[in-house]
2 protein chains.
Amino acid sequence: MEFDPTRPKWQQIAEEITRRIKSGQYPERFQLSEVRLAAEFGVNRDTIRKATAALRDAGLILTVPNLGTFVRSTEDDQGDA
Amino acid sequence: MEFDPTRPKWQQIAEEITRRIKSGQYPERFQLSEVRLAAEFGVNRDTIRKATAALRDAGLILTVPNLGTFVRSTEDDQGDA
DNA sequence: CTTTATTTGTCCGTATGTATG
DNA sequence: ACATACATACGGACAAATAAA
């Protein structure tokens with residue numbers, strides 16, 4: 001992916017992942033590995049974590065500590081019900 | 001058991017096992033199986049092994065290779081006599 | 001004796017959490 | 001943003017020793 005040098009990479013990556021979720025390319029429960037994403041986007045894992053943190057805040061993904069990061073499904077507890 | 005996500009599971013499990021030993025729920029010579037404990041606490045065996053390693057360092061339990069892990073009794077060789 | 005089950009020891013791989021430069 | 005290292009946790013697999021059937 002080509003990055004716009006005027007905006008943060010993590011932001012652009014978060015947008016790209018959002019597109020993939022919305023389009024169904026990343027279905028519910030799909031696992032998003034930080035290491036794999038870092039390799040795919042050619043960035044540091046630290047940058048991927050900034051992107052996934054934003055997606056987590058947006059409620060699009062869910063992270064289970066020490067296990068993995070997944071696309072949120074309708075059955076996931078939203079925490080603020 | 002419920003885990004405090006801010007502290008390592010192996011640490012909390014070690015504390016729980018310590019309570020059981022102190023209270024007599026796990027008497028002297030009582031056998032602690034890694035596989036059983038992992039199933040009971042709902043964690044990986046690796047996590048149990050980290051907990052038992054700490055208890056072993058604390059001198060509370062004794063592990064006989066390929067045989068089992070047991071609550072230490074007063075007749076056990078402490079190794080530093 | 002052989003078979004089966006149990007238990008610890010070890011190693012591999014994967015993933016996130018945290019911390020340091 | 002990056003590079004690196006280590007800690008924590010899970011899953012699986014296999015070996016070696018032991019015990020019991």
Side-chain angles (χ1 to χ4, degrees), chain A residues 1-17 20-21 26-73 76-77 79, chain B residues 1-17 20-21 26-73 76-77 79:
Chain A
M1 192 174 91
E2 293 182 13
F3 295 104
D4 175 357
T6 69
R7 289 193 302 132
K9 286 184 180 179
W10 66 263
Q11 205 175 65
Q12 301 175 57
I13 291 173
E15 291 167 358
E16 171 61 22
I17 293 177
R20 294 180 182 182
I21 294 176
Y26 286 171
E28 288 187 358
R29 301 295 189 180
F30 183 82
Q31 181 166 11
L32 305 170
S33 162
E34 295 175 356
V35 177
R36 277 203 313 98
L37 290 174
E40 184 197 334
F41 287 105
V43 298
N44 193 270
R45 189 186 145 211
D46 198 32
T47 305
I48 295 295
R49 282 176 66 80
K50 282 188 175 66
T52 54
L55 296 172
R56 194 159 44 247
D57 290 345
L60 281 174
I61 64 176
L62 186 73
T63 295
V64 182
N66 306 312
L67 269 186
T69 302
F70 310 87
V71 175
R72 215 160 197 178
S73 80
D76 288 328
D77 185 7
Chain B
M1 191 173 94
E2 293 182 12
F3 294 104
D4 174 359
T6 69
R7 286 168 53 237
K9 286 184 179 179
W10 66 262
Q11 206 177 67
Q12 300 177 57
I13 290 172
E15 291 167 357
E16 172 61 23
I17 293 176
R20 294 181 182 181
I21 294 176
Y26 286 171
E28 288 188 357
R29 300 294 189 179
F30 183 82
Q31 181 166 11
L32 304 169
S33 161
E34 294 175 357
V35 177
R36 278 200 313 97
L37 289 174
E40 184 198 332
F41 287 105
V43 300
N44 193 271
R45 191 186 144 210
D46 192 40
T47 305
I48 295 297
R49 283 176 65 81
K50 282 188 174 63
T52 54
L55 296 172
R56 196 158 43 247
D57 289 345
L60 281 172
I61 64 176
L62 187 74
T63 295
V64 182
N66 306 314
L67 227 181
T69 302
F70 311 87
V71 175
R72 213 161 197 179
S73 78
D76 288 328
D77 184 7

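By convention in this document, chain letters (A, B, ...) are assigned in the order of the sequence lines, proteins followed by strands, and residues within each chain are numbered from 1. All values below were derived from every heavy atom in this structure, side-chain atoms included, with hydrogens, water molecules and symmetry-related copies excluded.
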Take atom [atom1] of [X] and atom [atom2] of [N], then tell me their distance rounded to the nearest Å.
X     : N      : atom1 : atom2 : value
A/N44 : C/dG21 : CG    : P     : 17 Å
B/W10 : D/dC10 : CH2   : P     : 14 Å
A/L62 : C/dA15 : CG    : P     : 17 Å
B/L37 : D/dA9  : CG    : P     : 16 Å
A/R49 : D/dC2  : CZ    : C1'   : 15 Å
A/D4  : D/dA1  : CG    : P     : 11 Å
A/I48 : C/dT14 : CD1   : P     : 18 Å
B/R7  : D/dA7  : CZ    : C1'   : 16 Å

Pairwise distance CG(B/L32) to CG(B/L62) - rounded to 0.5 angstrom: 11.0 Å
Salt bridge (charged side-chain N to carboxylate O under 4.0 Å, His left out) against B/R20, all qualifying residues, sequence neighbours excluded: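 Scan of B/R20 (salt bridge (charged side-chain N to carboxylate O under 4.0 Å, His left out), adjacent residues dropped) gives B/E16, B/E40.
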Distance-only donor-acceptor test (3.5 Å): side chain B/R45, base D/dG12: no
Closest heavy-atom pair and its distance - B/Q31, B/G68: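 Reported closest heavy-atom pair: NE2-CA, 3.8 Å.
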Pairing partner (Watson-Crick or G-U wobble, both distances under 3.5 angstrom) of D/dC14: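 Looking at the geometry, D/dC14 pairs with C/dG9.
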Phosphate contact (D/dC10 OP1 or OP2) by B/K9 side-chain N/O below 4.0 Å: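 Checking B/K9 against D/dC10: at least one side-chain N or O falls below 4.0 Å of OP1 or OP2.
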Under-4.0 Å side-chain N/O to phosphate OP1/OP2 contact, B/T47 with D/dC10: yes
Check: B/F3 and B/I13 side chains under 4.5 Å, non-hydrogen atoms: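 Yes; the side chains approach each other to less than 4.5 Å.
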With sequence neighbours excluded, residues passing side-chain hydrogen bond (donor to acceptor under 3.5 Å, both in side chains) with B/T63: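 Result, side-chain hydrogen bond (donor to acceptor under 3.5 Å, both in side chains) vs B/T63: B/R56, B/T69.
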Nearest-neighbour nucleotide for the B/V43 side chain, D/dA13, D/dC10, C/dT16 considered: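 Closest nucleotide to the B/V43 side chain: D/dC10.
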Donor-acceptor contact present, side-chain B/E34 to main-chain B/I48, <3.5 Å: no
Kindly give the atom pairs (protein nitrogen or oxygen, nucleotide nitrogen or oxygen) under 3.5 Å for nucleotides 1-7 of chain C.
none

Salt-bridge contact B/D46-B/K9 (side-chain N to carboxylate O under 4.0 Å): no
